[in-house]
Amino acid sequence: MTEPGASPEDPWVKASPVDDEDSDYHQEAYKESYKDRRRRAHTQAEQKRRDAIKRGYDDLQTIVPTCQQQDFSIGSQKLSKAIVLQKTIDYIQFLHKEKKKQEEEVSTLRKDVTALKIMKVNYEQIVKAHQDNPHEGEDQVSDQVKFNVFQGIMDSLFQSFNASISVASFQELSACVFSWIEEHCKPQTLREIVIGVLHQLKNQLY
DNA sequence: CCCACAGACATAAGTCTATT
DNA sequence: AATAGACTTATGTCTGTGGG
């Protein structure tokens, strides 16, 4: 739609007052020209603003993957602005959820790394002790059996630890750890675990 | 303080397009 | 062809800002 009588080439054509001696008319003509000039500039500015908005929607449609899915039965139909906005909102919510999931995964993996590092240090100490005293206790059981005993005990402890511990906050973690130690690390309980593991291994071996 | 200006928003009217 | 819905365009109004 074009403005009636508007000429895009000469937007400021009415900007100067007309050459007339009549001051009232002169004034009126000047006012009118200012009004026209103002209207023209405003129309241009408004066009610019609408272009910017349109560009924004186009960019959204390009960036948001769910806006790019096309129904091939219809062809590459342009989505309405309302749909582009809704799909953008949905996509941002999806990204937020994904980010949260990945952060949780990273946290879990960090804990695994810490545990593995501790275990590595412990094993290195054991290996070093063996190297320092290679002949101590020739009648000792094999490394495999020792590992099985260790593994059985640690598995049992880990199961009770995993069932008792929540890591939502440090306070909660700390409270859970203390309660777990009280409940599952009593001498009597540990004794039962060790005996149970040894029995189990004995049955497997013989 | 007044005026000019720019930008944002609202609205009416026109245009385009898919559907019935 | 009629119609509905989405979109565009021009214009009016309001508000904030900066210069004289």
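Residue numbering restarts at 1 for every chain, and letters A, B, ... go by the order of the sequence lines.
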Closest approach of A:Y91 to A:T66 (non-hydrogen atoms, all atoms of both residues): CB-OG1, 4.4 Å

With A:S107, the side chain to side chain contact (heavy atoms under 4.5 Å, CB included) member among A:K111, A:E104, A:R110: A:K111

Short side-chain N/O contact to C:dA10 OP1/OP2 from A:R50, under 4.0 Å: yes

For A:D90, side-chain hydrogen bond (donor to acceptor under 3.5 Å, both in side chains) partners two or more places apart: A:Q86

Distance in angstrom units between A:I53 CD1 and B:dA10 P, rounded: 11 Å

Those residues that, when tested against A:K99, pass side-chain hydrogen bond (donor to acceptor under 3.5 Å, both in side chains) (two or more places apart): A:E103

Among B:dA10, C:dT8, C:dT9, the nucleotide that comes nearest once only the side chain of A:K81 is considered: C:dT8

Interatomic distance where CD1 belongs to A:I83 and P belongs to C:dC7 [whole Å]: 8 Å

A:E124 vs A:K120 side-chain heavy atoms within contact, under 4.5 Å: yes

Contiguous Watson-Crick or G-U pair runs (3 or more, under 3.5 Å) in DNA chain C: B:1-20 with C:1-20

Separation of atom OH in A:Y57 from atom C1' in C:dC7, rounded to whole Å: 11 Å

Distance in angstrom units between A:L85 CG and C:dC7 C1', rounded: 14 Å

Minimum-distance pair of heavy atoms, taken over all atoms of A:K87 and A:V64: O-CG1, 4.1 Å

